[in-house]
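I have placed the structure first, in the form of structure tokens, so that the comments after it can refer back to it.
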Amino acid sequence: MPNNADFSVIKVLIGQVHLARAPKVLQAVLGSCIGVSIYDQSQGLAGMAHVLLPSSGGRPEGALPGKYADKAIPCLYEAMLKYGASARNLKAKIAGGSRMFKTAIKSESTDVGGMNIDSVKDALKIHGIPVVGSDVGGTLGRKVEFRLSTWEFVVEDFANRRLIL
Amino acid sequence: MLSTQVISELEIVARRGAENASEALSIFLRERTQVSVRTVSVEPLEEIPEQFGGGDNLVVGLLSRVVGDVEGNSMLLFGRDDALKLVAILGGKRKNGNGNVEGFGELERSMLEETANVTITSFMNSLTSHLGERCIPNAPVYLLDLAGAIVSVALMEIAEAADRALVISTTFSCKEENLSAIFIFLPSPESLAALEEGLTGA
């Protein structure tokens, strides 16, 4: 790794899609949302989408290409190919999809987190991208960091659970 | 996008709500409590969790769904330490350990939920009296988690049809403890349009 290597952290906020090259770090804080990373290790390239909702229902994605799972995955996939990734090398790691409030609000009574998980997995399958790491469901929020220096996908919650995918 | 006129009207409503909340909380907490409106603004959805000192800050969120003529989600958010201070003011058990799932007992959670109930109801009553439309908050529900995770849940319904949301941000302080909290109200896109109509008399 060169001395001036860029280890900077890119925050992937709700609905955003970002690409980065090693050794940068892609980071997101997730509740019912899903953090989806697609990467081509041989090219040193990865992307992350912060998916908020399972389906666009035909709505345009607007300013946030990662907002809906059915739009986010194609957007991420195409961007990866555009910047030099090879389709056959692509792999995915995902985290999130909690059911945080069971009764407080309408959207949670329908378990949007669970629907997000299903929708993201379906979209990855359609694009032929294998999910090689996954930490989804549960009731707590998560912070995820995809560290492209080591290709570790680190998942933490505030109850001190820490996983490396 | 809301006009400057609508934002100004909302600021008036929010300040009245803050005055009501100050009076009600002073009685409830038995401490002189001052609620102040910090900002009334329309923010991009993705930026809202960042307003709480970063999405990975540990916060107590008290979430209430608002129903009636104006619908949406409202939240009162405290940093974990400020929530501990508030619980101490109310006579609950003050715990000093690291944040964990059992950070607050049932009694302490009820205290925080009731504080949120008083605050949110005060704001909604102000909106109701200004517009003549009903805004009824449901009982708030407690959650301790990362700010980004909590706020994103409240944003979901709004996000289905919009990339921006109305945020009324406040701070409040008690005489002895100087604690702060943030209140936000996120009306549904339909209700935001109704609010705009009601406030401009269109």
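Each chain gets a letter, A, B and so on, in the order its sequence line appears, and its residues count up from 1. Because the structure is a prediction, the values reported are computed rather than measured.
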Original post:
Got a second to check how far B/D56's CG is from A/L30's CG, nearest 0.5 Å?
Top reply: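 Reported to 0.5 Å precision, the distance equals 11.5 Å.
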Original post:
Counting distance only, does the side-chain N/O of B/D145 pair as donor-acceptor with the main-chain N or O of A/G141 below 3.5 Å?
Top reply: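 Yes: the side chain of B/D145 pairs with the backbone of A/G141.
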**OP:** Please look at A/L53 and chain B and tell me whether the side chain, the backbone, both or neither of the residue comes under 4.5 angstrom of a heavy atom of that chain.
**Re:**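 The side chain, not the backbone.
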**OP:** Check whether more than 12 heavy atoms from other residues, nucleotides or ligands sit under 6.0 Å from atom CZ of A/R21, and answer yes or no.
**Re:** yes
**OP:** Could you tell me which non-hydrogen atom of B/V153 sits nearest to which non-hydrogen atom of A/S32, and how far apart they are?
**Re:**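 Taking B/V153 first and A/S32 second, the nearest heavy atoms are CG2-OG, 3.6 Å.
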Subject >> Identified side-chain contact (heavy atoms from CB on, under 4.5 Å) partner of A/F158 from the options B/L146, B/V59, B/N57 >> reply: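 Single side-chain contact (heavy atoms from CB on, under 4.5 Å) partner of A/F158 among B/L146, B/V59, B/N57: B/L146.
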Subject >> Name of the residue among B/E47, B/M156, B/E46 meeting side-chain contact (heavy atoms from CB on, under 4.5 Å) with A/I14 >> reply: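 Among B/E47, B/M156, B/E46, the one meeting side-chain contact (heavy atoms from CB on, under 4.5 Å) with A/I14 is B/E46.
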**OP:** Apply salt bridge (Lys or Arg N to Asp or Glu O under 4.0 Å) to A/K11 and list each qualifying residue two or more places apart in sequence or on a separate chain.
**Re:** B/E50
**OP:** Would you mind listing every ring pair (Phe, Tyr, Trp, His ring centres under 6.0 Å) that reaches into residues 106-141 of chain B, with sequence neighbours excluded?
**Re:** B/F123-B/F183
